[in-house]
Amino acid sequence: MYDLAVNISYQKFIMSDTSFKSISEIIFKNDSVILENVSDFDIAPTFECGQCFRFDRLDEKTYFGVAQGKEISITQDKKTVVLQGITAADFNNFWFDFFDLGRDYGKIRKELSLIHPVLEKAAAYAPGIRILKQNPWEALCSFIISQQKQIPGIKMTIARMSEAFGEKTGKAYTFPCAEKLARLELSDLDFLKLGYRDRYILSAAKMVSSGEINLENIRAMPVQDARKELMKICGVGVKVADCTLLYGLQRLDAAPVDTWMKKAEQLFDGGFPFLESPYAGIAQQYIFHYIRSGQIN
DNA sequence: GCCCAGGTATAAA
DNA sequence: TTTATACATGGG
């Protein structure tokens, strides 16, 4: 049973009278939280669909990662998910929202599936994908780094950058804050072999730490304005801007279109009919994962 | 060596 | 407004 003394965000979800429930029961232990009968939640595609770079697969069922300065191990066995190494308060204050557990992905998936048969197939391929609520600054930097790189390389670069300039969390490190990076020189980043991206990172750090760019203000802006504001940062084009919005600012109406998505475009007769959906970003994620997994061609 | 990678800045048409 | 090219680095 739940410890009602630590009631926070999840309780609203548990107590809600809507018919949907993505978890039937939440069990708190000393240093772990057990989610029973999860629906529309599959950790493997969630961590491996290209949306995040700080979670590593330890074995068939377990991933380890860092967010919000905290380490976590996540193990899934069918419909049971165990979040290891966290407190009840951590879960209620952070991880519940990080995994977007209050959102009805089943309902969203059904809505999206009506839009186009290819989208229906893509969503059915990995229905357990959830869009993680990542830190905005970390998401911005991650996708600046991501340009013209492959995912393993992106992960390596971010890990080394965190180790060098972040805070120790135990066996891992947080992603360095903008203020910390803003104090560095380009030569301090040489060992990361960022190439032409090094100046993008430093200038973004300066703009964010000075307040010239305010990510929290951008969160609430209409999507075109938000995109335009993010693109004031050198090295941020429409793709990185949309990734920052979707993965860092919980803007599910932003849908990054990249080389993989362009491969998918022909399947939709030359355009993406879901782009106007409030859940365009989720649709994009289903399709990206589907195409990249080699399900088509 | 050659080509591509979850792109973007810049210049030219 | 649209299209072409350079850009650092690593991996197949």
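Letters A, B, ... mirror the listed sequences (proteins, then strands); counts begin at 1.
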Problem - Worked verdict on A:Leu230 versus A:Leu245 for side chain to side chain contact (heavy atoms under 4.5 Å, CB included) - result: CA-CA 9 Å; A:Leu230 284 166; A:Leu245 285 167; 3.8 Å; yes
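- Residues A:Ile233 and A:Gln284 both approach DNA chain B. Their nearest nucleotides, taken by heavy-atom distance, put A:Gln284 toward the 5′ side.
- Using a 4.0 Å heavy-atom distance criterion, A:Leu246 is classed as making no nucleic acid contact.
- Checked by atom type and distance alone, the side chain of A:Trp137 pairs as donor or acceptor with a backbone atom of A:Pro176 at under 3.5 Å.
- Nucleic acid contact for A:Arg292: none, since no nucleic acid atom lies under 4.0 Å from a heavy atom of the residue.
- Ionic pairing of A:Arg103 and A:Asp100 is present here: one or more N-O contacts between side-chain nitrogen and carboxylate oxygen are shorter than 4.0 angstrom.
- A:Glu185 CD: 12 or fewer foreign heavy atoms inside a 6.0 Å radius.
- Taking atom NZ of residue A:Lys262 and atom P of nucleotide C:dT3, one finds them 12 Å apart after rounding to whole Å.
- Note: A:Phe47 and A:Tyr63 have tilted aromatic rings, judged against thresholds of 30 and 60 degrees for the angle between ring planes.
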Practice task
Applying side chain to side chain contact (heavy atoms under 4.5 Å, CB included), run through A:Lys155 and A:Asp56 and close with a yes or a no.
Solution key: CA-CA 9 Å; A:Lys155 290 180 69 170; A:Asp56 298 315; 2.9 Å; yes
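- When the P atom is compared between C:dT2 and B:dG6, the two are found 27 Å apart, to the nearest whole Å.
- Under the 3.5 Å distance criterion, with hydrogens and angles disregarded, a donor-acceptor pair is assigned to the side chains of A:Thr87 and A:Asp90.
- Here the separation of C:dG10 from B:dA9, taken at their C1' atoms, is 22 Å to the nearest Å.
- Distance, A:Ile154 CD1 to C:dT9 P: 17 Å, rounded to whole Å.
- One P atom belongs to C:dG11, the other to B:dT8, and the distance between them is 23 Å to the nearest Å.
- Residue contacts for A:Phe288: at a heavy-atom cut-off of 4.0 Å it reaches a base atom on one of the strands shown.
- Looking only at atom types and distance, the side chain of A:Gln285 has no donor-acceptor partner in the side chain of A:Tyr279 under 3.5 Å away.
- Contacts between chain A and DNA chain B, taken as any atom within less than 4.0 angstrom of a protein heavy atom, begin and end at B:dA5 to B:dA9.
- Using the six-membered ring where Trp is involved, A:Phe91 and A:Phe96 have ring planes that are perpendicular, over 60° apart on the 30 and 60° scheme.
- Listed by residue number, the members of residues 187-196 of chain A with any heavy atom below 4.0 angstrom from DNA chain C are A:Lys193, A:Gly195, A:Tyr196.
- Rounded to an integer number of Å, the gap from A:Gln150 CD to C:dG10 P is 13 Å.
- Between A:His116 and A:Phe274, the ring center distance fails the sub-6.0 Å criterion.
- For the pair A:Arg197 and A:Tyr200, both in contact range of DNA chain B, the more 5′-proximal nearest nucleotide belongs to A:Arg197.
- A:Pro256 comes within 4.0 angstrom of a nucleotide base, judged by non-hydrogen atoms across all strands.
- Counting any heavy atom pair closer than 4.0 Å across all strands shown, A:Tyr247 reaches a base atom.
- Using a 4.0 Å heavy-atom distance criterion, A:Gln148 is classed as a base contact.
- In this structure, A:Val236 reaches the sugar-phosphate backbone alone: every heavy-atom distance under 4.0 Å involves primed, P, OP1 or OP2 atoms, never a base.
- Within 4.0 Å of A:Gly235, counting heavy atoms only, lie sugar-phosphate atoms of the nucleic acid but no base atom.
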